[in-house]
Amino acid sequence: MNYQAILDDIYGQVMGIKDRGIVASYIPELANIDIQNFGLHLKTNTGEEFSVGNYNRGFSIQSISKVLSLALASSFENNGILNRLDVEPSGHPFNQLALLEIENGIPRNPFINAGAIVIADILVSQLDNPKQDFLDYVRDITNDASINYDFKVAQSEKDTGYRNYAAANLLKSFRNLKNDVETVLDFYFHQCALHMNCEQLTKAFHMFANRGKCISDKTRLTEQKVKRINAIMLTCGFYDEAGEFAFEVGLPGKSGVGGGIVALLPDHFVISVWSPGLNKRGNSKLGMLALEQFTTKTQLSIF
Ligand code: DON
């Protein structure tokens with residue numbers, strides 16, 4: 001398969017599209033990004049790498065980090081996590097609060113904000129220096145010590161994260177948050193403010209396509225956990241657009257409001273795309289289109 005020709009073709013196609021969606025601005029610092037950015041990086045399990053555009057320019061990975069925090073948390077807590085959250089798609093936006101109230105403080109899944117805040121609470125309890133230890137984990141699975149938080153983005157979200165404060169307080173009222181709200185959200189805002197490029201993301205997610213072994217060949221997750229996390233990506237990775245992503249792209253994946261999407265085909269490849277303009281559901285508009293084109297042209301999807 002001539003992957004480079006396929007990526008070049010997709011790049012040419014998306015760069016001709018005028019309506020690129022809208023850059024997220026509810027976290028003010030995210031609004032400063034140039035909407036013209038577009039990058040794509042593919043890494044096959046046989047070690048080949050292909051890329052186009054701004055694939056090595058860093059951006060805010062936002063909710064994509066929720067997969068990595070879930071992976072680390074599940075290496076500490078086995079099924080205990082499932083007493084504190086569910087694994088059902090929510091069918092609602094990532095920051096919706098009504099379901100949390102109706103369902104007595106048990107978030108639908110670990111990728112909506114309330115669920116990721118519970119996972120952050122688990123990590124705050126388990127790690128000695130939560131922010132540094134989580135950063136070290138991401139650097140370790142990626143084999144790249146240059147990865148860091150964007151502290152301006154973390155502060156910007158802290159200043160304006162009213163819905164996340166509401167979610168954390170609601171969780172606390174249902175006794176589903178063990179640590180204090182400030183500490184957990186400080187960790188969560190930093191986790192979401194991880195600054196990475198497409199190539200680094202592809203490497204970080206290699207373990208989900210490689211039965212738990214990360215790029216340094218160290219086993220970081222059991223096969224059962226990889227199977228489960230991939231299933232949650234497929235059913236919950238795109239919030240109220242998870243069905244559409246499965247329908248159009250057909251891969252487990254995860255999006256972030258920074259405009260990144262990572263998707264993977266177990267035993268075959270990881271692909272990361274970045275285009276900061278979002279569609280109405282908060283997922284990268286051109287990113288979704290590029291991935292749809294990729295699985296259509298290669299005929300490689302889980303279906
Ligand atoms: O908590 C938030 O709202 C952001 N830090 C992350 C949201 C996000 O990326 C949703 N993804 N599509």
Side-chain angles (χ1 to χ4, degrees), residues 21-31 33 58-70 85 89-97 100 107-121 123 131 134 138 149-171 177 181-182 184-196 201 232-245 249 252-263 272-288 291:
I22 297 172
V23 169
S25 59
Y26 77 101
I27 301 173
E29 193 63 28
L30 294 184
I33 202 80
F59 60 93
S60 195
I61 76 166
Q62 291 298 321
S63 285
I64 297 172
S65 67
K66 294 170 179 172
V67 185
L68 305 177
S69 60
L70 175 64
L85 40 78
S90 72
H92 287 284
F94 55 87
N95 57 3
Q96 201 238 34
L97 296 170
L100 190 62
R108 271 287 171 103
N109 65 66
F111 295 157
I112 56 169
N113 288 2
I117 291 169
V118 169
I119 298 295
D121 186 47
L123 291 177
K131 285 185 277 186
F134 180 66
V138 175
Y149 298 120
D150 181 332
F151 295 98
K152 272 193 180 167
V153 171
Q155 186 61 46
S156 181
E157 187 165 14
K158 199 174 203 167
D159 294 341
T160 54
Y162 308 111
R163 297 188 73 85
N164 284 327
Y165 278 98
N169 278 295
L170 204 47
L171 288 165
L177 203 75
V181 166
E182 274 304 330
V184 176
L185 287 184
D186 180 60
F187 174 83
Y188 172 77
F189 294 145
H190 281 80
Q191 166 205 314
C192 290
L194 268 173
H195 191 78
M196 293 169 74
L201 275 173
I232 305 174
M233 278 196 252
L234 183 76
T235 51
C236 311
F238 299 84
Y239 313 106
D240 42 343
E241 207 167 31
E244 179 79 5
F245 192 83
V249 180
K254 185 74 201 80
S255 63
V257 289
I261 302 179
V262 187
S272 302
V273 59
W274 174 48
S275 173
L278 308 180
N279 64 19
K280 287 195 176 71
R281 301 266 168 81
N283 298 312
S284 172
K285 188 173 187 320
L286 298 191
M288 288 213 17
L291 293 176

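Ligands are counted one by one from 1 in listed order, and the atoms in each one are counted from 1 as well.
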Heavy-atom side-chain contact between [X] and [Y] under 4.5 Å:
X: Phe245; Y: Asn283; answer: no
X: Ser284; Y: Val273; answer: no
X: Cys236; Y: Phe111; answer: yes
X: Ile33; Y: Trp274; answer: yes
X: Arg163; Y: Phe94; answer: no

Can you name the closest pair of heavy atoms from Ile261 and Leu291 and give their distance? CG2-CD1, 3.5 Å
Can you name the nearest heavy-atom pair linking Ser65 to Gln191, along with the distance?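 The answer is OG-NE2, 3.1 Å.
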Would you please indicate if the ring centroids of His190 and Phe134 are separated by under 6.0 Å? no
For Asn279 and Glu241, which I'm curious about, is there any donor-acceptor pair between the side chains at under 3.5 Å? yes
Atoms of ligand 1, numbered as shown, that sit under 4.0 Å from any heavy atom of [X]:
X: Gly282; result: 12 (N)
X: Cys192; result: 5 (N)
X: Val257; result: 7 (C), 8 (C), 9 (O), 10 (C), 11 (N), 12 (N)
X: Tyr26; result: 2 (C), 3 (O), 4 (C), 6 (C), 7 (C)

What protein heavy atom lies closest to atom 4 (C) of ligand 1? Include the residue and the distance to one decimal.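 Its nearest protein heavy-atom neighbour is Gln62 OE1, 3.1 Å.
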Protein residue, atom and distance nearest to atom 2 (C) of ligand 1, heavy-atom basis: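 Among all protein heavy atoms, the one nearest atom 2 (C) of ligand 1 is Glu157 OE2, 3.1 Å.
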Is there a nitrogen or oxygen of Lys66 sitting under 3.5 Å from a nitrogen or oxygen of ligand 1?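 No.
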Side chain or backbone, does Asn164 bring an N or O within less than 3.5 Å of an N or O on ligand 1?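 Yes: some nitrogen or oxygen of Asn164 is under 3.5 Å from one in ligand 1.
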Is ligand 1 under 4.0 Å from a heavy atom in the side chain of [X], in the backbone, in both, or in neither?
X: Ser63; result: both
X: Tyr188; result: side chain
X: Arg163; result: neither

Contact check, [X] vs ligand 1, heavy-atom distance below 4.0 Å:
X: Asn113; value: yes
X: Phe238; value: no
X: Tyr239; value: yes

